[in-house]
A.B. asks: 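Take this structure first; my questions come after.
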Amino acid sequence: MNNVTFTAGFTGLGALPISDAVFSGAIPSSASITAGDDNGASDGQIPVQLWTNNGSATLDCSGADLTSGSNTIPKSDISVSSSGTLAHPGTSLACVGALRGSSGVNDLNDTWTYAYAPTTLPAAGDYQTTITYTASQP
Amino acid sequence: MPSHAASVISVGGTGAAVSAQARLGVSVRIPRILYFRIGSGGAAVDSVDFTVRLANPLRRLDVVDQPYGGALPPRYTMIDGDSVGTSNGSLPVQVWTNNGSFVIDCTGAALSAGANTIPLTDISVRSSSGALPHPGSSASCTPTSAGHSGTNALSANWRYRYRPPTLPPAGDYATVLTYTVSQP
């Protein structure tokens, strides 16, 4: 299973260490988020592929909100963009089922880029979830 | 070369529905952040200054040496000032954290002028907000818990006052208080 990981820091302060650190000055007004993954691209990008000889397929996903103890981050806060022939089913992890491909043989490829840019920084914690993507045909 | 750990091939018979699933783990790491500011912030050390003056009818008595006649007035007044522009002994304070409640405390020696001292308990402090209280009712601090679980964005004005029952020996008394906000 591939993973996408986001780490929050403060704009203008570089990468904020996870361990305790001290800084002075006014509190920055916004957070900067760095994205990484475990498939070598290190930028929150995942290659995806759908091959079928049976016509178009419905692409969807399911999964719970990200949780850290009793705190949550809604799936809708994780945006996803596409650049190829296999668009993500919706603009965030709160997926909307969508038809992909056409009749006959389909060889669809894409790179999905996951991003997290919250307007306010959530409570501290390691938030996690697992998203299950499903391609189905009638 | 990218791995394809989450890939699956599904083969169905003619006319049967078919589906394929793949899983993706998503995680967000939010570090613990605790921000604390007293006064103008940054490296500057703000100050609160008190000047003792005699009460009416000598309210305008200058702080520099000068003689006056008659009986000693029974009372005196305090003029409060600070270095952040509010000029009333008030300092703005702010705590921001995404890591739940915290403990405020302070440490420092008594104010001293040569061998003479003014105890920290003589400097009273009152907060404008119960959500961000001063740790104790005087500069002789008592550790105090504040905030709640999750994110806290708190601000207040702490007003410092000096109303001694008896006038201390003349002198410029000074100290530096170090405030600490901590979380387990």
Side-chain angles (χ1 to χ4, degrees), chain A residues 1-10 16-21 23-27 31 33 38-41 46-52 54 57-58 61 63 66 68 70-71 73 75 77-78 93 114 116 118 120-138, chain B residues 1-45 92-102 147-155 180-184:
Chain A
M1 184 174 70
N2 284 126
N3 291 279
V4 174
T5 303
F6 302 98
T7 302
F10 273 134
L16 195 67
I18 296 303
S19 58
D20 292 345
F23 66 92
S24 60
I27 188 169
I33 308 294
D38 60 357
N39 65 1
I46 298 291
V48 292
Q49 183 178 17
L50 175 63
W51 190 95
T52 179
N54 190 40
T58 297
C61 83
L66 291 81
S68 174
S70 60
N71 298 316
I73 293 175
K75 290 183 297 181
D77 278 7
I78 309 294
L93 285 184
Y114 295 77
Y116 177 55
T120 59
L121 209 57
D126 287 330
Y127 297 77
Q128 295 182 332
T129 192
T130 298
I131 301 297
T132 299
Y133 286 89
T134 302
S136 59
Q137 294 174 317
Chain B
M1 179 178 179
S3 64
H4 294 282
S7 59
V8 63
I9 297 175
S10 179
V11 179
T14 302
V18 63
S19 67
Q21 291 186 329
R23 295 190 304 154
L24 174 68
V26 180
S27 60
V28 175
R29 171 166 287 181
I30 305 294
R32 299 182 304 161
I33 297 170
L34 176 58
Y35 174 83
F36 182 37
R37 173 176 71 93
I38 293 183
S40 51
V45 178
V93 293
Q94 182 182 11
V95 173
W96 192 97
T97 180
N98 65 345
N99 192 40
S101 59
F102 50 89
H148 51 73
S149 61
T151 297
N152 292 273
L154 305 175
S155 60
T180 302
V181 171
S182 58
Q183 294 173 318

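Chain naming here is simple, since letters A, B, ... match the order of the sequence lines and numbering starts at 1 in each.
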A.B. asks: Taking all non-hydrogen atoms of both residues into account, name the closest pair between A:L66 and B:V26 and its distance.
C.D. replies: CD2-O, 3.9 Å
A.B. asks: If I measure from the heavy atoms of chain B, does A:I78 come under 4.5 Å with its side chain, its backbone, both, or neither?
C.D. replies: side chain
A.B. asks: Which bit of A:P122 is near chain B, if near means a heavy-atom gap under 4.5 Å: side chain, backbone, both or neither?
C.D. replies: both
A.B. asks: Can B:W96 and B:T151 be said to form a side chain to side chain contact (heavy atoms under 4.5 Å, CB included), step by step?
C.D. replies: CA-CA 7 Å; B:W96 192 97; B:T151 297; 4.0 Å; yes
A.B. asks: If you count heavy-atom pairs under 4.5 Å between each of A:L93, A:T130, A:I73, A:I46 and chain B, which one has the most?
C.D. replies: A:T130
A.B. asks: Under 4.5 Å heavy-atom distance to chain B, tell me which part of A:Y133 shows up: side chain, backbone, both or neither.
C.D. replies: both
A.B. asks: Contact between B:N99 and B:L34 at the side-chain level, heavy atoms closer than 4.5 Å - yes or no?
C.D. replies: no
A.B. asks: Give, as side chain, backbone, both or neither, the part of A:N71 having an atom under 4.5 angstrom from any heavy atom of chain B.
C.D. replies: neither
A.B. asks: Is it the case that B:S27 and A:Q128 place a side-chain donor and acceptor less than 3.5 Å from each other?
C.D. replies: no
A.B. asks: Measure across A:D126 and B:R29 and return the closest heavy-atom pair with its distance rounded to 0.1 Å.
C.D. replies: OD1-NE, 2.9 Å
